Amino acid sequence: MKVGVLGAGTMGNGIAHVFALYKHEITLVDINDKILNNALRNINKNLTRQYKKNLIDENTLQSTLNNIEVSTDINSFKLCDLVVEVIKEDLDLKKAIFKKLDTICSQKTILASNTSSISINSLAGCTKRPEKVIGMHFMNPVPVMKLIEIIKGDKTSEDTTNIIIKLSQDLNKIPICCNDSPGFVSNRILMPMINEAALCFEEGVASAEAIDSIMKLGMGHPMGPLRLADLIGIDVCVMILQVLYDGFKDKKYKPSNILINLMGSNKLGKKTGEGFYKY
């Protein structure tokens with residue numbers, strides 16, 4: 001299958017990596033060569049890690065890289081069977097992208113979004129193919145995490161859903177379906193937990209280390225909620241909570257002051273070197 005991936009950041013290059021590993025022809029598109037070259041370096045680094053762990057052989061490493069083409073031209077998606085959008089969580093920007101993809105791609109092309117919270121129905125409504133629009137929410141890090149949250153819009157066809165389920169399984173992932181709703185399942189549950197952990201820290205209930213240790217040791221979480229917030233990005237957490245707050249009009253989803261203040265101070269977590277922790 002010819003697969004287009006729009007957005008070559010952490011999630012985008014991870015998605016390209018996995019599709020290419022399973023012998024799909026990938027076109028990875030972003031706005032400039034610097035971003036694309038950095039994506040290729042990350043893919044190479046992650047493939048090398050898999051090779052050193054004896055998860056893949058040298059031929060597989062090289063063939064995976066050979067399966068990826070990069071471009072700064074969105075029109076490169078013209079012949080793709082599937083395009084996965086992986087840009088920032090901005091509704092207006094995503095809607096504009098889906099409208100453009102609808103004019104570029106063949107009518108047979110499935111348009112998927114890796115959005116973690118934004119309505120699939122709102123994106124499908126910008127196209128003339130709502131039956132071929134679906135959510136494919138991969139988890140970070142993409143080459144490691146098994147889940148793909150499949151989000152069906154009101155008009156997503158059964159045929160489209162079945163194709164994406166089968167494709168996800170062929171990537172050695174576990175697809176689990178849900179219906180379109182703010183935050184879907186994963187972030188509707190996860191983000192309020194992160195927000196509550198942030199409130200505990202803000203109110204001086206415990207240190208960040210103590211909060212995370214209690215959740216790890218007591219609840220069996222592999223990573224504490226504040227460390228996870230730093231990994232996801234404080235700005236992304238605030239954005240998703242805002243989508244939930246706007247969608248449900250329920251104050252339990254309102255982003256805590258500390259999350260908003262950290263974002264305002266550009267303390268976004270691991271990517272900026274500081275959030276709840278220093279890196």
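Both backbone and side-chain heavy atoms feed into the values below; hydrogens, waters and symmetry mates do not. Quick caveat: nothing in here was measured; it's all calculated off a predicted structure.
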For Asp170, is there an ion pair with Lys166 - N to carboxylate O distance below 4.0 angstrom?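 Salt bridge flag = yes for Asp170 with Lys166.
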So, Asp235 and Lys271, do they make that salt bridge, N to O below 4.0 Å?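 Lys271 and Asp235: salt-bridged.
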[Y] reachable from [X] in the ILVMFWY side-chain graph, under 4.5 Å edges:
| X | Y | answer |
| --- | --- | --- |
| Ile232 | Ile258 | yes |
| Met136 | Val18 | yes |
| Val3 | Phe77 | no |

Is it true that a side-chain atom of [X] and a backbone atom of [Y] form a donor plus acceptor pair closer than 3.5 Å?
| X | Y | value |
| --- | --- | --- |
| Ser113 | Thr115 | yes |
| Lys173 | Met145 | yes |
| Arg129 | Ser106 | yes |
| Glu85 | Ile87 | yes |
| Lys278 | Gly275 | no |
| Asp81 | Met1 | no |
| Asn140 | Thr10 | no |
| Glu89 | Val236 | no |
| Asn195 | Lys254 | yes |
| Ser213 | Ala210 | no |

Shortest non-hydrogen contact from [X] toward [Y]:
| X | Y | result |
| --- | --- | --- |
| Ile150 | Ser168 | CD1-OG, 3.8 Å |
| Leu28 | Ala39 | CD2-CB, 4.0 Å |
| Asn67 | Lys23 | ND2-CA, 3.6 Å |

Should Asp180 and Lys152 be marked as a side chain to side chain contact (heavy atoms under 4.5 Å, CB included) after you check the CA-CA gap, both sets of side-chain angles, and the distance that decides it? CA-CA 6 Å; Asp180 193 24; Lys152 299 181 288 182; over 6 Å; no
Begin with the C-alpha distance, continue with both residues' side-chain angles, and end with the deciding distance and a verdict on side-chain hydrogen bond (donor to acceptor under 3.5 Å, both in side chains) for Asn59 and Asp57. CA-CA 6 Å; Asn59 287 337; Asp57 58 28; 5.1 Å; no
Do Asn46 and Arg49 have side-chain atoms, one donor and one acceptor, less than 3.5 Å apart?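 Yes.
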Let me confirm one number: the OG1-NZ distance from Thr156 to Lys132, rounded to the nearest 0.5 Å.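 Atom-to-atom, Thr156:OG1 and Lys132:NZ are 11.0 Å apart.
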